[in-house]
Trainee: 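I have a structure here, written as structure tokens, and I will follow up with some questions on it.
Residue numbers begin at 1 in each chain, while the letters A, B, ... track the order of the sequences. None of these values were measured; they are calculated from a predicted model.
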Amino acid sequence: MAKKEANAISPTRAENYPEWYQQVIRAADLAEQSPVRGCMVIKPWGYALWENMQRVLDAKFKATGHKNAYFPIFIPKSFLEKEAKHVEGFAKECAVVTHHRLELGPDGTLIPAGELEEPLIVRPTSETIIGAMFAKWVQSYRDLPLLINQWANVVRWELRTRMFLRTTEFLWQEGHTVHATAEEAIAEARLMLDVYEEFAEKYMAMPVIKGEKSEAERFPGAVSTWTIEAMMQDGKALQAGTSHFLGQNFAKSSEIKFLPESGELQYAWTTSWGVSTRLIGGLLMTHSDDDGLVLPPRLAPVHVVILPITAKAEDPAAVVAYCKKLRDDLQALRYHERNVEVEVDERDLRGGEKNWSWVKKGVPIRLEVGPRDMAQNAVFMARRDLPPGEKQTVPRDTFVNGVVAMLEEMQAKLLERAKALRASRTKEIEGKADFYAYFGNSADEAAASQSGFALVHWAGDSALEGKLKTELGVTLRCVPLAASEPGTCPFTGQPSKQRVIFAKAY
RNA sequence: CGGGGCGUAGCGCAGUCUGGUAGCGCGCACGGUUCGGGACCGUGAGGUCGCAGGUUCGAAUCCUGUCGCCCCGACCA
């Protein structure tokens, strides 16, 4: 017998959270480091998660009237230069293509040749190039609203990368819309924020707070940026999605103009909104435990894995057949907009090892099915939301009839657990000293502290935000859309309309 | 770009201080015994020690340079 290990993942969350995060990715086989600096390879299990996210979000975008399209990965440098704040925001992190040919050098190496007249920027986001096309597509109020979404990869040359949370290249969707009025554009941006919120809570089981970004945290070139902010298990905030009201800023830089029903040619109003593969990092840090990944059933690539136990069977083929019949019966069931996904794992591995591999991958339900179970027409069931050893025998029919409800119960439980954690690490703070104490009084201490969200009244500005960031390492995550009572800002002594959220963030 | 750590077999590491031609665990392949909580025995494959110079009879080890990775900052979805 093997020695018993307490946990599948080492170190545990408590011991070293960042290292734990990386080990979970490795143990679940979600992704791995690539030969290219800052870029990861998303492996099948991780990509399947992304595909499930895409499937759900894509349907929601279409249900709200958006169409998919695709725009070039290369953006002429001059396009990016059109909007001053946009340039300022992205210039520092752009990959630039300057040549279009390689020539064989004397020493066998390849030398870039054929210098481009105008450098091309690998898109860090597509507002400018999409704007150039929208300018052609929009002539009349009859062309509006124009509601487009693109699934794409983007590149931001970040100084420091972390798998899924911040990589040089990442996958995302970016919605871009054009409207006749500011009101309509704002409504669009807010609608998509609601879509993101619903997705985060109902599918990812990740509770989020909708709010507006401060000027300092706003998207470069936007008039308003709204966000969904989630709390990870270490108490840090994760910006999980953003939606921007761009005013007429990009319409002006891209010349998106239209003739209204009555009156003169005018600039249109635009929005953009996006979520990325960062959501996978958020999902991981919301639910996973010291035994690896924990997946919310609604996004799990596999709901039920069946492990045939054939070693002692007189007739192994009969056990496998029993498992496959069970799989077929389960797969005929509908669970939340799709069929129940079942995998029979016939790999030639020892039972314990095989079982643990699925624990680490986060599959909601594991079934060990051997001759004993077959004889009594039952299954031996383990749930990912219970300790790995807590397994029980369940009559086959009871399991089949109850599996959909069980998945829903697990989904709900994950959301409740995440909400409880957030509540336990959210604190209303009234005084400046309390605020500093909450975050450990210094940036170093804040990194190690058990802090979370601080709800504090606020009448400060960007300079004050900068000061708090320097001193404590915390940022103003958002001004929640949900109203709170008026009060007094502890930093300025000025009256405050409502509380804002400060936290350390990813 | 600043501060710290690290590049040795697929993974995790020892060996580096005190130079002598590479080792351990896991994994992998094969054979056997096992198997419902991460098995065991045996045999075997697998490494130009990140890269480039230098010192030396001899470099994983010493020197110089360089590339890359991780953690903490600054910056950011």
Trainee: Taking side-chain hydrogen bond (donor to acceptor under 3.5 Å, both in side chains) as the definition, give me every residue that meets it alongside Asp58(A), ordered by chain and number, with sequence neighbours left out.
Mentor: Lys62(A), Asn68(A), Trp151(A)
Trainee: Look at the side-chain N and O atoms of Arg162(A) and state whether any lies under 4.0 Å from the OP1 or OP2 oxygen of C70(B).
Mentor: no
Trainee: Return the value, rounded to whole Å, for the distance between atom CE of Met53(A) and atom C1' of A77(B).
Mentor: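 Rounding to the nearest Å, CE of Met53(A) and C1' of A77(B) are 14 Å apart.
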Trainee: Would you state whether a donor and an acceptor, one from the side chain of Asp373(A) and one from the base of G36(B), lie under 3.5 Å apart?
Mentor: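 It does, because a donor-acceptor pair links the side chain of Asp373(A) to the base of G36(B) below 3.5 Å.
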Trainee: Starting at CG of Leu159(A) and ending at P of G68(B), how long is that distance when rounded to a whole Å?
Mentor: 14 Å
Trainee: Run the ring-centre check on Phe435(A) versus Phe502(A) and record whether the distance is less than 6.0 Å.
Mentor: yes
Trainee: Rounding to the closest angstrom, what is the interatomic distance between G46(B) and C24(B) at atom C1'?
Mentor: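 It works out to 15 Å between them.
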Trainee: Ignoring backbone atoms, establish whether Gln33(A) has a side-chain N or O less than 4.0 Å from OP1 or OP2 of C70(B).
Mentor: yes
Trainee: In whole Å, what is the span from the CH2 atom of Trp151(A) to the C1' atom of A77(B)?
Mentor: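 Atom CH2 in Trp151(A) sits about 14 Å away from atom C1' in A77(B).
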Trainee: When we call it a touch if two heavy atoms are under 4.0 Å apart, what does Pro220(A) touch: a base, just sugar-phosphate, or nothing?
Mentor: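 No contact at all - Pro220(A) keeps every heavy atom at 4.0 Å or more from the nucleic acid.
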Trainee: Would you please name every residue forming a ring-ring contact (aromatic ring centres under 6.0 Å, His included) with Tyr506(A), sequence neighbours left out?
Mentor: none
Trainee: Whole angstrom is fine here: how far is it from CG in Asp348(A) over to P in A39(B)?
Mentor: 13 Å
Trainee: Could you pick out which residue, Ser34(A) or Glu353(A), lies toward the 5' side of RNA chain B when each is mapped onto its nearest nucleotide?
Mentor: Glu353(A)
Trainee: If we take the C1' atom in both G42(B) and G38(B), what is their distance in whole Å?
Mentor: 22 Å
